[in-house]
Number of protein chains: 2
Amino acid sequence: MTGPSITIKDVAALAGVSPATASRVLSGNPATSAESRQRVAAAVAQLDFHPNAQARALRSTKTNVIGLLLSDVRNPFFADLAHAAEQAALAEGLVTLLGNANESIPQQDRYLETFISQRVDGVIAAPQGEGSSSLHALLERGIPTVFVDRTVNGIDVPSVTTDSDSGIRQAVEHLARLGHERVGYIAGPQTTSTGRDRLKSFSRAARDFGLSSDPALTYFGDFQSASGSAGAHHLLGLAQPPTALLAADSPMAVGALATLNRKGLRIGRDIALIAFDDIEWFSLLDPPLTVISHDVEAMGRAAVGLLLEVIDGRKPESVVLPSELIVRASSGTPDPSLGQP
Amino acid sequence: MTGPSITIKDVAALAGVSPATASRVLSGNPATSAESRQRVAAAVAQLDFHPNAQARALRSTKTNVIGLLLSDVRNPFFADLAHAAEQAALAEGLVTLLGNANESIPQQDRYLETFISQRVDGVIAAPQGEGSSSLHALLERGIPTVFVDRTVNGIDVPSVTTDSDSGIRQAVEHLARLGHERVGYIAGPQTTSTGRDRLKSFSRAARDFGLSSDPALTYFGDFQSASGSAGAHHLLGLAQPPTALLAADSPMAVGALATLNRKGLRIGRDIALIAFDDIEWFSLLDPPLTVISHDVEAMGRAAVGLLLEVIDGRKPESVVLPSELIVRASSGTPDPSLGQP
DNA sequence: CTGAAAGCGCTTACAG
DNA sequence: CTGAAAGCGCTTACAG
């Protein structure tokens, strides 16, 4: 469309210096004279020069690009995480290549391969499944990598995760105090560390607080809303249905909510509902939803911080962020008919 | 960390061919023998070779990367759009570099500069404001660009937009039929084409259906939720407050909802509420929200389709997608006290 | 502080 | 169908 794009040679020629000097000025190398700096700056402005990032990366083996691999951008938790990480990266001069695995391992592999080919400076990943081949390829090449939200067994990279246990324990205690004995749990996929950890925490807390440990009360979803609907449907159809539901992420909670509404159950009265992940509008529902909340902003920032340390060759400690129960009306008020004093 | 990364020379050596032949095999050039193809493929597999995308791009002036510039990833509309566009691009072998302008022009400029330096093959943008300098730089370089959702006056690039007018007209007619005369409108920023178009449509429809044209009934928000809260607060504080509210996007509708709930107003009875943009959980609220819906999936796919045509040197026609009203309980039922037969 | 030269890892006419 | 050679646009020792 336009002519051949302008290069550092054009800038150098216009400034009356060598390409080497122009390059030094552009990269902020202190070994330049004030005069050169001024002349090069003027030439850059006049020509509207944008250095070719490919050529720069090829020579310097730095791209200033990081890869961010997420499970599902449409999940508000990950959208917030993407926003937080991307803003934190931008503040460090890094741009973010976003890969959306769509909760699919082949698609995760595809993006990881792309990250390798693009020679990203580092990768922040919320990984699926157990070490896919591409994840191993990434690490074998020594590409700085950190995990966020999720981890993978047997892969030792720094991570930022949520301590789901505290929040889940609070939620179970809360339900037990309200007199619930049969609590249905809509679990995440057991191929993710968060899916496994949260189920473990729930089971342990259920036992500790004297809730039923009937295995039929656990339904295995996939962190997407349709499985939340199906889970609620299934659990309510049990011979002995639960009096409360806990969903392991927000899309599944939304799905469960839809099912409860469709069945005409009054949430907070006929049945209690608690969601893992706080979302702005959960507090706007009628009744507002009781949630287990954690700090997504902090998670995104911490992930970028860890990645920068790994890029610098350090071996930072993993970060674990807290979770906590926020009680709202969806978990109901004490109901004497449930046998509570 | 690991040794020097392996290159096409290593592959060629192991396969017993020249780098040129290896390159031809890798790029699918038909001028290769079956034997070469087989030997190179084996070497690639054995060495786990990933071609350096920087070097390839430098030489071939194709990066297979597109830039996607959005206003705000946390807005569910844009999250869905990002998902749709990214999946469509991936199906065409293109990876997506995501830039989140965060409804800020300087940040938009920063990402556009990055896209230029990264020599992306094309850009899909939901632009802010009137042609920022970087937007012009992009176009002057002849970088293929399409607009999605929004356009910029005086910049003639193909676009995919929503015909907001039909949906807004249906919404206003619906409210008029229910007997509403004073409808508060929470507008988007007038620096965006969608903000302007929707306000124009609302004003015209209000006049056509005999609603009040009191300018005090329009509040100017910024498409983010806090301004929806503020807008509802302001409109309800008028000497003659509106009996219905229409918000120009979903985050502002969420904000308005929060304000209405806080004030103890019963939505669908004390006041009607309609949102532009359909979001899964809007139908799950109590009462479910009446919305103006449009097809985000189709928008993302169409944007990628247009961009591919522009990259191919064609000049495709812009695409306009329809919008339509979906009536739910939040807009209420006819109320005789409002003077409707 | 500066410039000439080499080279990052590919691809692509060119000649065979 | 194949290979030798040049070159994409930068950066970086090296020598001065």
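Keep in mind that what you see is a predicted model, and the values were worked out from it rather than measured. Chain identifiers are assigned alphabetically (A, B, ...) following the order of the sequence lines, protein sequences preceding nucleic acid strands; residue numbering begins at 1 within each chain.
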Under 4.0 Å, counting only non-hydrogen atoms across every strand here, what does [X] touch: a base, just sugar-phosphate, or nothing?
X	value
B:S27	nothing
A:T32	sugar-phosphate
B:S33	sugar-phosphate

> Any side-chain N or O of A:T21 under 4.0 Å from OP1/OP2 of C:dG3?
Replying inline: yes
>> Can you tell me if A:S36 touches the phosphate of C:dT2, counting only side-chain N or O atoms and a distance under 4.0 Å to OP1 or OP2?
In response: yes
Length of the line joining [X]:[atom1] and [N]:[atom2], which is rounded to integer Å:
X	N	atom1	atom2	answer
A:L47	D:dG9	CG	P	14 Å
A:I116	C:dG9	CD1	P	16 Å
A:R56	D:dC8	CZ	P	18 Å
B:E35	D:dT2	CD	P	8 Å
B:Q118	D:dC8	CD	P	20 Å
B:R59	D:dC10	CZ	P	15 Å
A:L26	D:dT11	CG	P	7 Å
A:N52	D:dG9	CG	C1'	6 Å

> Counting only distance, no hydrogens or angles, is the base of C:dG3 paired donor-acceptor with the side chain of A:R24 under 3.5 Å?
Replying inline: yes
>> On DNA chain D, does the nearest nucleotide to B:R119 precede the nearest nucleotide to B:V17 from the 5' side, or the other way round? Give the residue.
In response: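 Final value for this comparison: B:V17.
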> Taking for each residue the nucleotide of DNA chain D bearing the nearest heavy atom, is the 5' side occupied by A:S23 or by B:R37?
Replying inline: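 Going by which nucleotide is closer to the 5' end, it is B:R37.
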> If you check every side-chain atom of A:S18, which of C:dT12, C:dG9, C:dG3 has the closest atom?
Replying inline: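 Closest nucleotide among those given: C:dG3.
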> Looking at C:dG3, C:dG9, D:dC10, which one has an atom nearest to any side-chain atom of A:L58?
Replying inline: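 That would be C:dG9.
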> Looking only at atom P, what distance separates C:dC10 and C:dC14, rounded to whole Å?
Replying inline: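 The answer is 24 Å between these two P atoms.
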>> For the C1' atoms, the ones on C:dG16 and on C:dT12, what distance do you get once it is rounded to whole angstrom?
In response: 16 Å
>> Give me the atom names and distance for the closest heavy-atom approach of B:L321 to B:D295.
In response: CD1-O, 4.0 Å
Is it true that [Y] and [X] share a donor-acceptor pair across their side chains at a distance under 3.5 Å?
X	Y	answer
B:R37	B:T32	yes
B:H83	A:N102	yes
B:E113	B:S134	yes
B:R150	B:S71	yes

> Watson-Crick or G-U wobble partner for D:dA13, using a 3.5 Å limit on both distances?
Replying inline: none
> For C:dA4, which nucleotide is its Watson-Crick or G-U wobble mate, given both distances must be under 3.5 Å?
Replying inline: none
> Is there a side-chain contact between A:S117 and A:T114, using heavy atoms and a 4.5 Å cut-off?
Replying inline: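 Side-chain contact under 4.5 Å: no.
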